[in-house]
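Quick notes on the structure that follows.
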Amino acid sequence: MSEPTNKNEEMINNFLRISDELNQLKDVDTILDRTLLEVRALVNADAGSIFLVEDGQLRFSYVHNDTLFAKDATNAAVYSSVTVPITEHSIVGYSALSGEMLVIDDAYNLSPDLPFKFNDSYDKTTGYRTTSILTIPLKIAQGKLVGVMQIINAKDSEGRSIPFDNQAKTYIPLFANNTAIAIERGILTRELILRMMKMAELRDPTETAAHVQRVGAYSAEIYHRYALNKGIPVKELKRTKDLLRLAAMLHDVGKVGISDAILKKPGKLTDDEFDIIKLHTVYGGRLFENSTSDLDAMCRDIALNHHERWTGGGYPGHMNDLFDGPPHIGTHSKSGEEIPLVARVCALADVYDALTSPRSYKEPFTEERTLEIINKDSGTHFDPEIVDAFLQIYDVILAIRAKYA
Ligand code: C2E
Ligand code: SIN
Ligand code: SIN
Ligand code: FE
Ligand code: FE
């Protein structure tokens, strides 16, 4: 009889630890990643995904699959843009509508009396074989539905797919509520940042949101590959990646201090106008100068340094005191590792996005021309090891572009 008690104690301790950790994470992707990692470990499951409610539909928002994807690698499938309507015809839709946990032993052997069918299109395109499925709605206290979590293919000790057992059915619901709260908070954080950027740019709001999300996601994934290349421990990698996605979204927040007449000028800027634009780095840095958190400190490093160049010649350069007098550009530019790593990463993400997007002053460049420029500027404008990481994950970069088009 002592076995279940120990198991219970272990579960409660696990539960407290995970709740605490989820509450420290800031970005919604990191929260989804951690949730799937912990829940899958708990029930020894091969795969899992989370759908989030967006515009009245369920958007496929995160995926893990130990059989299909290398552990800890960057993964383009995370940026899939599949959506499922909330109707009783699909498993996730039914679970969302009914608020019920669904436990399925064999996806290919569902009773024909059920209102929903298993959608085998994912298995068809990937060659994966889904067998057991546990689907649970993610709701916050007032009953608001945040999304649906799906855990796939519980495994026995030899790695064979088995049905989910009673322990899984008991413990997974305990995680669902806390997860929903953490996800809701992560979504609010991103929305707050998008609103700040709308104020800063007051351009086409949808284009601004997309641009900011792309630069955040490019930066996070380029850093991820770079960190694996450099042997940075996974724990530090995930912590930095979490903050970087949000901090990179704010790289141009200092443009709030630049007049529309200059920012939206249809043609080429004069030298004097460009000197004024350069100050957006200093305005941004000042905004985060009294940094009280790691996130603030990273926001400052990126806002201030994302236009420095690897071999020098960028701006704003060195400042003795960021607040000394009216906003101004510093003396000599920074170079090499003087430029914070996260700013070097964001510099490449920002230019890639600027080159491939239309601007008030230019048409988008073709993919080919964009890559030519980035390759030419590797080792001068850009840290060459960061360009290498970018080229290694080019499939992920394209998936991000497609998702935030
Ligand atoms: P942005 O449009 O987001 O561009 C960010 C960076 O992408 C630029 O930093 C530059 O390094 C790169 N970039 C953008 N367009 C091109 C291009 O056509 N060719 C190449 N090789 N690189 C490009 P930069 O130059 O420091 O500019 C910072 C910001 O200043 C730009 O942000 C934009 O808001 C403004 N800006 C720069 N040039 C012009 C211009 O000629 N007209 C107007 N209206 N704004 C400009
Ligand atoms: C991943 O391992 O692909 C995701 C890591 C993260 O989002 O923190
Ligand atoms: C740049 O280095 O980003 C500008 C010079 C160019 O490649 O046209
Ligand atoms: Fe900028
Ligand atoms: Fe930018």
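Whatever order the structure lists them in is the order used to number ligands and atoms, beginning at 1.
- At least one N/O-N/O distance between K265 and ligand 1 falls below 3.5 Å.
- Look at D66 and R40 and you find a salt bridge, because one of the NZ, NE, NH1 or NH2 atoms lies within 4.0 Å of a carboxylate O, short of that distance.
- A salt bridge links K230 to E385: at least one charged side-chain nitrogen sits closer than 4.0 Å to a carboxylate oxygen.
- With respect to D242 and R239, no salt bridge is recorded, no charged nitrogen being found less than 4.0 Å from a carboxylate O.
- The residues R369 and E372 are annotated as salt-bridged, a charged nitrogen and a carboxylate oxygen being separated by less than 4.0 angstrom.
- With a heavy-atom cut-off of 4.0 Å, L269 touches ligand 1 through backbone and side chain alike.
- Atom numbering of ligand 1 starts at 1 in the shown order; those under 4.0 Å from a heavy atom of K255 are 3 (O), 32 (O), 34 (O).
- By the 4.0 Å N-to-carboxylate-O rule, R129 lies close enough to D106 to be salt-bridged with it.
- Residues D46 and H64 bring no donor and acceptor atom of their side chains to less than 3.5 Å of each other.
- For ligand 1, the atoms lying closer than 4.0 Å to a non-hydrogen atom of K362 are 15 (N), 18 (O).
- Considering each of F274, Y361, Y352, the one bringing a non-hydrogen atom nearest atom 14 (C) of ligand 1 is Y361.
- Proximity to I262 (heavy-atom distance under 4.0 Å) selects the following atoms of ligand 1: 44 (N).
- Here D353 has no heavy atoms under 4.0 Å from ligand 1, in either its backbone or its side chain.
- Atoms of ligand 1 found under 4.0 Å from any heavy atom of Y315, numbered from 1 in the order shown, are 24 (P), 26 (O), 27 (O), 28 (C).
- The pair E367-R401 counts as a salt bridge, with a side-chain nitrogen and a carboxylate oxygen less than 4.0 angstrom apart.
- Ionic pairing of R190 and D27 is present here: one or more N-O contacts between side-chain nitrogen and carboxylate oxygen are shorter than 4.0 angstrom.
- In summary, the atoms of ligand 1 found under 4.0 Å from a heavy atom of A354, numbered by their order in the structure, are 4 (O), 5 (C), 7 (O), 14 (C).
- Ligand-side atoms of ligand 1 in range of K268: 41 (O), range being under 4.0 angstrom from any heavy atom.
- Between the choices D377, L355, V351, the shortest heavy-atom distance to atom 6 (C) of ligand 1 belongs to V351.
- Note on the Fe ion (ligand 4): protein N/O/S atoms under 2.8 Å are D252 OD1, H280 NE2, H306 NE2, H307 NE2.
- Outside the 6.0 Å centre-distance limit, the rings of H251 and H307 are not counted as a close aromatic pair.
- Note that OH of Y226 and CG of L348 are 12.5 Å apart. Values are rounded to the nearest 0.5 Å.
- In this structure, Y128 has its ring center at least 6.0 angstrom away from the ring center of Y122.
- Of the options H251, R359, H306, K278, the smallest heavy-atom separation from atom 1 (P) of ligand 1 is shown by R359.
- N177 and K139 share no donor-acceptor pair across their side chains, judged by distance under 3.5 Å alone.
- The distance from ligand 1 to the heavy atoms of G267 drops below 4.0 Å at these ligand atoms: 40 (C), 41 (O), 42 (N), 43 (C), 44 (N).
- Using a 4.0 Å cutoff on heavy atoms, G314 does not count as a contact of ligand 1.
- Proximity of H307 to ligand 1, defined as any heavy-atom pair under 4.0 Å, is confined to the side chain (atoms from C-beta onward).
- Of all atoms in ligand 1, listed by their number and element, those nearer than 4.0 Å to a heavy atom of F365 are 17 (C), 18 (O), 19 (N).
- Of the charged side-chain nitrogens involved, at least one lies within less than 4.0 Å of a carboxylate oxygen, so that E221 and R245 count as a salt-bridged pair.
- A donor and an acceptor atom, one from each side chain of K241 and H224, are located under 3.5 Å apart.
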